[in-house]
Amino acid sequence: MGQKLPGLLVVLSGPSGVGKSTVAAQLLKLPDYVRSISVTTRAIRAGEEEGKDYQFVSREEFVGLVRQGELMEHAEVHGNFYGTPKEPLRRAVAQRQVMLLVIDVVGGSQVKNKDLDALLVFLLPPDQAELARRLVGRATEDVSQQTVRLQRAEMEIHRARDVYDHLVVNQELNQCVAEVDQLVQAGRRRLKDRQDAGIELYPGLKSQPE
Ligand code: 5GP
């Protein structure tokens, strides 16, 4: 009674501008949620903090991490490299936390195939026009970068339909957050049932670096 549910790795993806960061920020206010801090080779943006938003590294450092098997997944997005460090994932599930991985669909697909019992959630915009409006409104990219991001968004949505466990439309923020949290808690209860049945959880986290 009252025992905390098992931890869960939750991949949160969606096209650039769909509101991933905002949804993630709301989820992180709920009990048990923590965020995976990715490493990236992209330049730091105004308002971002080293070690809080990302660990910003050089290309050489990134390649070193890949070689040492320190990354659970990695991908090139818009010409920069991004990856998820492994060790914090192990710590999070050991502490029964819900670890949010805010990553792209290439990374999500890699996580899915690694026996991590991860829950994959893809956020959809209410429609493509709304996505374009949000992206332009953000004004952190110039026009050619915005076009690249919109094209990539279409590719990601297509791919996510095959790979992700759930597609959630981000129409209204609070409702979207509540919906994702319900999926997460249901996922944790499923893991608890499996644990009670004697099945080992997260076998992929035990595996040695490749
Ligand atoms: P941004 O540069 O705008 O912060 O992120 C660009 C894209 O990279 C987003 O789609 C984001 O989800 C993705 N991303 C961030 N961190 C990671 C990561 O560790 N792995 C992968 N595969 N994608 C990531």
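All ligand and atom numbering here is 1-based and tracks the order in the structure.
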Worksheet entry | Flag for Lys29-Gln26: side-chain donor and acceptor within less than 3.5 Å | yes
Classify the ring geometry of Phe62 against Phe81: parallel below 30°, tilted from 30° to 60°, perpendicular beyond 60°.
parallel
In chain-and-number order, ligand 1 lies under 4.0 Å from a heavy atom of each of Lys20, Ser38, Arg42, Arg45, Tyr54, Glu73, Ala75, Val77, Tyr82, Gly83, Thr84, Val102, Ile103, Asp104, Gly107, Arg149
* Is the shortest distance from a Lys or Arg side-chain nitrogen in Lys192 or Asp196 to a carboxylate oxygen in the other one below 4.0 Å? -> yes
Problem set entry | Arg90 side-chain N/O to Leu205 backbone N/O, donor-acceptor pair under 3.5 Å | yes
| query | Got a donor-acceptor contact below 3.5 angstrom from the Arg188 side chain to the Pro6 backbone? | reply | yes
Side chain to side chain contact (heavy atoms under 4.5 Å, CB included) with Leu9: of Leu89, Asp117, Leu119, Val111, only one passes, and it is Leu89
